[in-house]
Amino acid sequence: MTGSNATPYERITVSPIAGALGAEIGGVDIAAGLDDATIAEIRRALLDHLVIFFRDQRLDDASHKEFSRRFGELFIHPNFDLGQADPEIVRVVRQPGDERIIGEEWHSDTTMMREPPMGAILYALEVPPFGGDTLFANQYLAYESLSDGMKAMLANLKVVHSDIKVAGPHNKLNARRSSKIREDANWRPTESVHPAVRTHPETGRKCLFVNHSYACRFDGMTDHESKPLLDFLMEHGHRPEFTCRFRWAAGSIAFWDNRCTKHLAVHDAGPFPRRMQRTQVAGNAVV
Ligand code: SIN
């Protein structure tokens with residue numbers, strides 16, 4: 001297991017769902033409000049298990065945001081800021097017939113930003129009777145399983161992350177999916193350069209930090225030169241033994257640590273709708 005902290009939990013129950021990462025948290029009613037000691041245990045469970053899940057919760061927008069704020073300031077996603085009343089909550093909606101969905105490639109969220117969010121809290125309102133699961137992958141394990149030679153080579157490499165692949169008028173995604181993004185003519189790509197291997201600011205552990213949605217090339221190299229190694233690293237990062245799979249029900253929540261995981265929404269909900277809502281918690285510069 002990834003957990004390094006042997007101190008027992010007193011306020012919550014923590015039940016791992018896979019060998020690599022992921023645990024279900026029990027004993028909490030989030031909407032009722034949680035004391036500081038319970039929040040501290042939830043935070044510890046997140047650091048130990050990388051993604052944590054809650055069942056049978058009843059959140060409205062206010063309680064969703066209040067819970068999220070216990071872990072940091074809310075992050076407003078620039079590409080989902082479409083002039084709606086509340087940009088702090090992104091509606092992740094899939095309707096029958098949608099050809100595309102949000103998050104269908106392996107990714108960490110919003111890594112084109114200089115300070116990508118530390119985490120996201122996704123709450124399920126309506127889920128299909130089958131399909132629509134979410135996969136998560138442990139990027140500590142992805143890094144630790146590389147050879148010493150590869151680790152040495154990556155130590156000095158930086159990666160350019162851009163949202164050019166997922167937003168903007170050229171992508172024409174809005175016509176093909178229910179959740180809309182910025183595709184207006186005023187949109188401009190956002191780019192940041194991050195280390196290929198980052199050090200988690202709370203655990204001090206190293207993890208691989210590249211993903212399909214945003215990583216474009218190594219800093220100082222062309223796309224063509226970068227592609228073979230970037231492709232290897234991105235595929236390596238979700239080998240099955242690094243992953244877990246979450247089966248949603250209405251009222252479920254997934255809270256992932258965006259600094260050391262990647263995730264993917266499986267696009268297999270067939271004729272059924274899937275309605276979720278997501279907050280993001282602000283993070284720090286990647287080092
Ligand atoms: C996301 O990538 O944030 C969405 C994940 C999901 O809908 O399962």
Side-chain angles (χ1 to χ4, degrees), residues 9-15 17 22-95 101-103 108-110 115-128 132-134 136 178-180 202 244 246-259 261 263 265 269 273-283:
Y9 294 96
E10 292 175 354
R11 307 289 182 126
I12 60 176
T13 62
V14 179
S15 310
I17 68 161
E24 282 201 23
I25 307 300
V28 293
D29 176 357
I30 291 173
L34 301 174
D35 61 17
D36 289 346
T38 304
I39 292 290
E41 288 205 350
I42 291 172
R43 189 170 193 111
R44 179 152 62 88
L46 180 70
L47 295 179
D48 281 350
H49 297 277
L50 290 61
V51 54
I52 52 178
F53 307 104
F54 302 83
R55 297 284 189 190
D56 303 320
Q57 302 295 317
R58 283 174 176 272
L59 298 187
D60 55 17
D61 288 1
S63 53
H64 190 169
K65 292 201 292 186
E66 187 184 326
F67 176 62
S68 307
R69 279 204 188 94
R70 303 294 293 277
F71 301 93
E73 281 178 29
L74 294 189
F75 172 92
I76 295 182
H77 195 306
N79 291 329
F80 289 99
D81 193 0
L82 297 159
Q84 71 275 36
D86 190 349
E88 291 177 333
I89 294 199
V90 171
R91 317 283 163 187
V92 179
V93 176
R94 185 260 176 206
Q95 293 293 0
I101 59 169
I102 299 283
S108 307
D109 291 324
T110 331
E115 297 185 347
M118 67 74 80
I121 299 178
L122 184 66
Y123 172 62
L125 295 158
E126 181 180 11
V127 303
D133 296 355
T134 307
F136 297 88
S178 297
S179 282
K180 308 300 184 198
E202 294 186 77
C244 71
F246 186 60
R247 172 80 202 124
W248 293 93
S252 302
I253 293 172
F255 180 2
W256 58 90
D257 187 333
N258 196 49
R259 300 164 293 189
T261 60
H263 59 281
R274 178 180 186 267
R275 287 189 306 117
M276 327 284 276
Q277 61 180 50
R278 187 186 74 187
T279 56
Q280 290 179 290
V281 180

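For the pair Glu202/Arg43, a side-chain contact is recorded, criterion being any heavy-atom separation below 4.5 Å from C-beta on. With contacts defined as side-chain heavy-atom distances shorter than 4.5 Å, the pair Phe75/Glu115 does not qualify. Counting heavy atoms from C-beta on, the side chains of Gln84 and Val90 never come closer than 4.5 Å. Contact check for Leu122 versus Trp248: side-chain heavy atoms found under the 4.5 Å cut-off.
Atom CD1 of residue Ile121 and atom CD of residue Gln277 lie 11.5 Å apart, to the nearest 0.5 angstrom. Taking CZ from Arg91 and CD1 from Ile102, the interatomic distance works out to 13.5 Å, rounded to the nearest 0.5 Å. For the atom pair CD1 (Ile89) and CZ (Phe80), the distance works out to 14.0 Å, reported to the nearest 0.5 Å. Rounding to the nearest 0.5 angstrom, the gap separating the CD1 atom in Ile25 from the CG atom in Leu46 is 8.5 Å.
A donor and an acceptor atom, one from each side chain of Asn258 and His263, are nowhere located under 3.5 Å apart. Between the side chains of His77 and Gln280, no donor-acceptor pair is found at a separation under 3.5 Å.
A side-chain hydrogen bond (donor to acceptor under 3.5 Å, both in side chains) with Lys65 is found for one member of Thr279, Asp86, Asp60 and no other, namely Asp86.
Between Arg55 and Ala249, the closest heavy-atom pair is NH1-N, 3.7 Å.
Residue-environment remark: CZ (Arg58) stays at or below the threshold of 12 foreign heavy atoms within 6.0 Å. In this structure, Glu126 places its CD atom where more than 12 heavy-atom neighbours from other residues, nucleotides or ligands lie under 6.0 Å away.
Taking the six-membered ring for Trp and the full ring otherwise, Phe67 and Tyr123 have centroids separated by 6.0 Å or more.
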* Asked: Do Arg70 and Asp36 pass the side-chain contact (heavy atoms from CB on, under 4.5 Å) test, and can you show the C-alpha distance, the side-chain angles, and the key distance before you say yes or no?
  -> CA-CA 9 Å; Arg70 303 294 293 277; Asp36 289 346; 2.8 Å; yes
* Asked: Could you walk me through whether Ile17 and Phe53 pass the side-chain contact (heavy atoms from CB on, under 4.5 Å) check?
  -> CA-CA 10 Å; Ile17 68 161; Phe53 307 104; 3.5 Å; yes
